[in-house]
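Everything below concerns the one structure shown next.
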Amino acid sequence: FSDISGGIIEVVFSKPMERNSILSGLYIYPPIVKKKFKWDKNILQIKINEELDKDRNYFFTFRATISGEHDNKLDQEYLYIFRNGKLNEKKVSGKFLYEDEEDIDEPILVELLSADSISVFSKTISEAVYSFENLNEEEHILKAFIDKTGNGSYNYGTEPYFEGFIPNDKIVNLNPMMAYEDTIKPDVK
């Protein structure tokens, strides 16, 4: 939750890294387009060269595809939240519900998106209860599925899935129903 209004972030890795792997392995939301990377052995300095949104949280995802000098990948995906000004403290939490009780122990792949469908972050959750904190105070979309085939993408009808809207409230309780098919008929509003 460090304040990045100074325009510099320093990331220390445990060993020297393959510098080019950062280019495709670092995801930032909201996007920061104008930035420069500077390396000193295992220390990455990110210099932000643009005006950041005031009182906004920035999500930095270091994907597991980032690798060291000897092509060994990160041990997991890392998500860090930085702030520019006041820290936003929106919270979304709840419990996953299941159409088929056999799915209870399966990991759930979750993606949180902005209201205009831009990915904020994704993560794998291994328990039914979840909580996402320090979100920006705006509307979001939550997508989740259980990857039974192990192919990294959702297969309609054979894997449980949820997609739902999260309103712009400071505290939201949402209990996603992991269902195999969408049986709710659309209506015109």
Side-chain angles (χ1 to χ4, degrees), residues 1 24-33 52-65 74 76-189:
F1 305 120
S24 61
L26 174 61
Y27 179 77
I28 303 170
Y29 177 83
I32 298 175
V33 178
L52 297 177
D53 296 338
K54 184 175 178 2
D55 296 332
R56 189 91 161 141
N57 294 356
Y58 285 81
F59 297 81
F60 282 65
T61 302
F62 292 83
R63 294 187 175 124
T65 57
L74 288 178
Q76 65 181 20
E77 188 167 283
Y78 291 88
L79 175 65
Y80 294 98
I81 303 171
F82 295 94
R83 63 184 168 83
N84 183 41
K86 179 179 119 335
L87 181 68
N88 285 289
E89 296 178 340
K90 178 178 179 174
K91 178 180 179 179
V92 178
S93 61
K95 181 177 181 179
F96 284 98
L97 308 173
Y98 301 89
E99 179 180 334
D100 185 346
E101 293 297 317
E102 290 181 11
D103 295 328
I104 288 175
D105 294 326
E106 297 288 332
I108 300 171
L109 281 72
V110 177
E111 184 171 23
L112 186 72
L113 302 118
S114 65
D116 53 355
S117 298
I118 298 173
S119 179
V120 176
F121 65 81
S122 59
K123 63 185 340 183
T124 301
I125 298 175
S126 41
E127 296 187 19
V129 176
Y130 75 95
S131 179
F132 303 137
E133 299 178 11
N134 300 107
L135 301 175
N136 287 315
E137 293 172 13
E138 59 191 19
E139 296 172 341
H140 291 89
I141 299 168
L142 180 70
K143 289 184 178 183
F145 74 97
I146 295 175
D147 187 10
K148 291 190 165 210
T149 60
N151 66 358
S153 62
Y154 169 65
N155 298 304
Y156 182 78
T158 61
E159 295 174 330
Y161 177 83
F162 172 83
E163 182 174 341
F165 176 75
I166 300 170
N168 186 17
D169 296 332
K170 190 144 179 108
I171 298 175
V172 177
N173 187 296
L174 177 66
N175 296 325
M177 169 56 89
M178 301 300 292
Y180 282 83
E181 293 184 15
D182 182 2
T183 57
I184 299 171
K185 296 183 183 208
D187 61 347
V188 177
K189 293 187 177 192

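- Using a distance-only test at 3.5 Å, with no hydrogens or angles considered, a donor-acceptor pair links the side chain of D55 to the main chain of K86.
- For the residue pair V120 and L113, the shortest heavy atom distance occurs at CG2-C, 3.9 Å.
- For M177 against Y98, the heavy-atom pair with the smallest separation is SD-C, 3.8 Å.
- Rounding to the nearest 0.5 Å places NZ of K143 at 11.5 Å from CG of L112.
- The aromatic rings of F82 and F60 lie perpendicular to each other, with more than 60° between the two planes, well past the 30° mark.
- Within a 6.0 Å radius of CD in E127, other residues, nucleotides and ligands contribute 12 heavy atoms or fewer.
- Residues K90 and I166 meet the side-chain proximity criterion, which asks for heavy atoms closer than 4.5 Å.
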Evaluation steps, side-chain contact (heavy atoms from CB on, under 4.5 Å), between I28 and F59: CA-CA 6 Å; I28 303 170; F59 297 81; over 6 Å; no
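- Once rounded to the nearest 0.5 Å, the distance linking CD of E106 with CE of M178 reads 10.5 Å.
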Worked verdict on D53 versus N84 for side-chain contact (heavy atoms from CB on, under 4.5 Å): CA-CA 7 Å; D53 296 338; N84 183 41; 5.6 Å; no
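- In the displayed structure, K170 atom NZ is contacted under 6.0 Å by more than 12 heavy atoms of other residues, nucleotides or ligands.
- Ion pair R56/E138 flagged as a salt bridge, since at least one NZ, NE, NH1 or NH2 atom sits closer than 4.0 Å to an Asp/Glu carboxylate oxygen.
- Scanning both residues, G152 and D147, for their nearest heavy atoms gives N-OD2, 2.7 Å.
- Taking each heavy atom of I141 and S117 in turn, the nearest pair found is CD1-OG, 3.9 Å.
- Taken from CD in E89 to CG in L135, the straight-line distance is 11.0 Å, to the nearest 0.5 Å.
- Under the ring pair (Phe, Tyr, Trp, His ring centres under 6.0 Å) criterion, F96 pairs with Y130, not counting sequence neighbours.
- To the nearest 0.5 Å, atoms CD (E137) and CG (N88) are separated by 4.5 Å.
- The two atoms that bring P30 and N136 nearest to each other are CD-ND2, 4.4 Å, heavy atoms only.
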side-chain contact (heavy atoms from CB on, under 4.5 Å) between K95 and N175, intermediate numbers included: CA-CA 5 Å; K95 181 177 181 179; N175 296 325; 4.0 Å; yes
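- Between F132 and L174, every side-chain heavy-atom pair lies at or beyond the 4.5 Å cut-off.
- With E139 contributing its side chain and A115 its backbone, the two residues share no donor-acceptor pair below 3.5 Å.
- For the pair Y29 (side chain) and S114 (backbone), a donor-acceptor distance under 3.5 Å is absent.
- Rounding to the nearest 0.5 Å gives a distance of 7.0 Å between CZ of F121 and CD1 of I81.
- Note that CD1 of I32 is 5.5 Å distant from OH of Y58, once rounded to the nearest 0.5 Å.
- Within a 6.0 Å sphere centred on CG of N173, other residues, nucleotides and ligands contribute more than 12 heavy atoms.
- The minimum heavy-atom distance linking K148 with P160 is given by the pair CE-CD, 4.1 Å.
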